[in-house]
Number of protein chains: 4
Amino acid sequence: MCRPTSPKPVRTGRTGRPRSAEADSAILDATRAALVELGWSKLTMGDVATRAGVAKTTLYRRWTNKSELVVDAVAVLFDELELPDLGSLEADVRGVVLQFAALLERPEARTALMAVVAESTRDEALRGRIRTAIVERQKLLVLEGRARAQARGELPYEADEETAARNADLIFDVIAGAVVHRLLVSAEPVDETWAAGFTRLLLSGLASLQN
Amino acid sequence: MCRPTSPKPVRTGRTGRPRSAEADSAILDATRAALVELGWSKLTMGDVATRAGVAKTTLYRRWTNKSELVVDAVAVLFDELELPDLGSLEADVRGVVLQFAALLERPEARTALMAVVAESTRDEALRGRIRTAIVERQKLLVLEGRARAQARGELPYEADEETAARNADLIFDVIAGAVVHRLLVSAEPVDETWAAGFTRLLLSGLASLQN
Amino acid sequence: MCRPTSPKPVRTGRTGRPRSAEADSAILDATRAALVELGWSKLTMGDVATRAGVAKTTLYRRWTNKSELVVDAVAVLFDELELPDLGSLEADVRGVVLQFAALLERPEARTALMAVVAESTRDEALRGRIRTAIVERQKLLVLEGRARAQARGELPYEADEETAARNADLIFDVIAGAVVHRLLVSAEPVDETWAAGFTRLLLSGLASLQN
Amino acid sequence: MCRPTSPKPVRTGRTGRPRSAEADSAILDATRAALVELGWSKLTMGDVATRAGVAKTTLYRRWTNKSELVVDAVAVLFDELELPDLGSLEADVRGVVLQFAALLERPEARTALMAVVAESTRDEALRGRIRTAIVERQKLLVLEGRARAQARGELPYEADEETAARNADLIFDVIAGAVVHRLLVSAEPVDETWAAGFTRLLLSGLASLQN
DNA sequence: GTTTAATCGAGACGGTACGTCTCGTCTTCCT
DNA sequence: AGGAAGACGAGACGTACCGTCTCGATTAAAC
């Protein structure tokens, strides 16, 4: 999975010096590094600029504020999430749970995700950015997993399209929510045991959605 | 539910003028009010002090920083959560889900919870504070609900105490996580329909935990 | 030379616990010590209280502010100035110049004198306090020296009383002013050589005042 | 007399936005104004910044503290001192005495001079700043006056250069010291009568320095 | 090969909030 | 009643970042 990180409405003016592509990646790298070291609240634009060997102006030319910069810097981490076919729905779910947990163990990911979500409670635009950059991307995994399970005959095909969508959303929130909450709010580890227990609960539950 | 808010390691020294109890509550009220109006990032200590009719020093004498102040200010909101006996496990779960969702619709609660969780990813002490002030409190509801269901005969009594605890934790993270994620990350409403679907999924899943 | 340091209108009321006399001297000692270590601007009432093993309240009960406290604390230093009879007017003058210079070499004296004078440029009451506590005391030395010189026949007796007073004032300002200015503004040392030169200049000048 | 006020070790770096020259003079003007109104101790950096229409940071970028700012702001007042040729040494001395006294009647000058001298008793750097910004400037007047008197034949030319310098210093401290002490310590006016008396004393004394 | 125009770095700018400090007062308990 | 202890309202301190701005110096496409 890959996608262009084109933050600000680039003036398509022909003439003039073009923006440095190196700068962009240097900035995003610096942002992630700073995030790990300092956390969200201690991270400053000036520091990121210095680390990236870039002027503050260059940052502001591309991102309007800290939140947007961090979303872009971190979004790429969520692209790593994949759904390798492990042979059964149960294995697939357990796999994605552990994979997501591993991602959230990384300080830059956990810090950034929560910080950005927190910021978004007051910022509609940021909420949208999170949705497209992170949420929808993850939701695809749910759809993919379901399709695979249906092909395997583990799950029935749903007749009503709307119901199908609603169920996918529900499952997504249950999986992602449980993992995030366990790790970041309850502050307990997500290990094999927990993943197994959770998967058992979820799969049994899934049956009930079909009637 | 009520509990003393004793923020800083209070020197129990006998002598000297005692801290004003009025100030404490005025500050917490002011913090909640400011949080609603301004959100986490615009909330300033100086503003809180002004609103509370109190000097800035008085704030810092009690709380070392914004995060701790906000945790204490918001924790009381979570005390409102209750588990009225609605006659069945299913009704109880649906009730608590909607109640929790209603709480998170309130701007001060949603903003504060996420902001504080975000901050806590870098702050061990804050994490502890959140746990005792918010998490443990909510977890009691799960235990209460289970006990009630067991009394009704809807759920079996668990033989192994450790398993029982693990299951309670799991259920707690699934419920709280799903609601929070739906509301704050997916940014979709938690209505009767969703609550019903979620409850159905959860209850079916619960059966699997007994074997 | 000695004098009671009774700063504030002492309540002569019979009843109640009498004021600690020890406290007074402990405070003045602490003030001088703090002055040497910290200088005027870094000296704080709280610190003085702590050093003196006394509550801040006790300070404020006796002195209304920093300036008055310091004047009282330092005034005693100027009591040390004496005019031993060295046998001639010239020796007397040189002696008092060196003595005054030695006093102003002491950090607490130089710092306090200037600080208090500076403060007094805006404070009429403080100006009065300085005058009675320091200036008048020093001026007596000039009168004493003149009387002695007149007795020796080195100086004529002045007919007009007013002129006599005016001349004493002039000489006082010339001596004290020159020493203070040399030490604190020009920041050059007052040694035997300078004292000799200055004395020569002054004594020659004195002749002119008689016509 | 005029001179550039170059406060802080200015990085002569080529790049970056250059410092505003307007800001510098606006700040110094504001400082003098605030000094007149409020006096040294009530003068705050924030207030000066506001009056100057400048951010507090801009002040701190140029001056490390209040004292240095005030020295620079006030030094310019001492540039006003001049030595118009009044035809005789006696008239010249009396003129400069009255002129200096007039300067010290101005609240900003008297307050600032003393405050800064007081502060300098603990601050070597400030002492140096005062010396170059104020003292040396005034001392030139003494040299100029002597040269003029020598040209008129009122004073002999001094053979030994070192003695000449020492005498100039002595005279400077006597004049400046006497005026300052009379005005600020004794708190008596410097009028025509006093100036005449002082000048008479000084000129008679000067004769003695030649032998 | 100029011109042109947007980029770059550096760093000063007006702001705002921070968390600390000291002030002088007030309140409580203890002697 | 006096004193110590220490909390209180007030407000300045000096620092750190914010996001904007002015600089002179690149840099490439358009002429």
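Quick note on labels: first sequence line is chain A, next is B, and so on, each numbered from 1. Treat the numbers as computed from the prediction; the structure is a model and nothing was measured.
The distance between atom NZ of C:Lys56 and atom P of E:dC21, rounded to the nearest whole Å, is 14 Å.
Along DNA chain F, the nucleotide nearest C:Gly53 and the nucleotide nearest B:Ala21 are compared for position; the residue whose nucleotide lies closer to the 5' end is C:Gly53.
Looking only at side-chain heavy atoms (C-beta outward), A:Val36 and A:Arg32 stay at 4.5 Å or farther from each other.
Checking the phosphate oxygens (OP1, OP2) of E:dG9, a side-chain nitrogen or oxygen of A:Thr58 falls inside 4.0 Å. Listed pair D:Arg62 / E:dC13 meets the phosphate criterion, a side-chain N or O lying under 4.0 Å from OP1 or OP2. Distances shorter than 4.0 Å separate none of the side-chain N or O atoms of D:Arg19 from OP1 or OP2 on F:dC21.
Remark: C:Glu37 engages C:Arg51 in a salt bridge, criterion side-chain N to carboxylate O under 4.0 Å. The residues B:Arg19 and B:Asp24 are annotated as not salt-bridged, no charged nitrogen and carboxylate oxygen being separated by less than 4.0 angstrom. With salt bridges taken as basic N to acidic carboxylate O contacts below 4.0 Å, one links B:Asp72 and B:Arg129.
Distance from the side chain of C:Arg61 is smallest for F:dG3 among the nucleotides F:dG3, E:dA17, F:dC8. If you check F:dT20, E:dG19, E:dA10 against the side chain of B:Tyr60, the one that comes closest is E:dG19. The listed nucleotides are E:dG24, E:dG14, F:dC18; the one nearest the side chain of A:Thr44 is F:dC18. Of the candidate nucleotides E:dG15, F:dC8, F:dT22, F:dC8 has the atom lying nearest to any side-chain atom of B:Ala23.
D:Ser20 comes within 4.0 angstrom of the backbone, heavy atoms only, and of no base.
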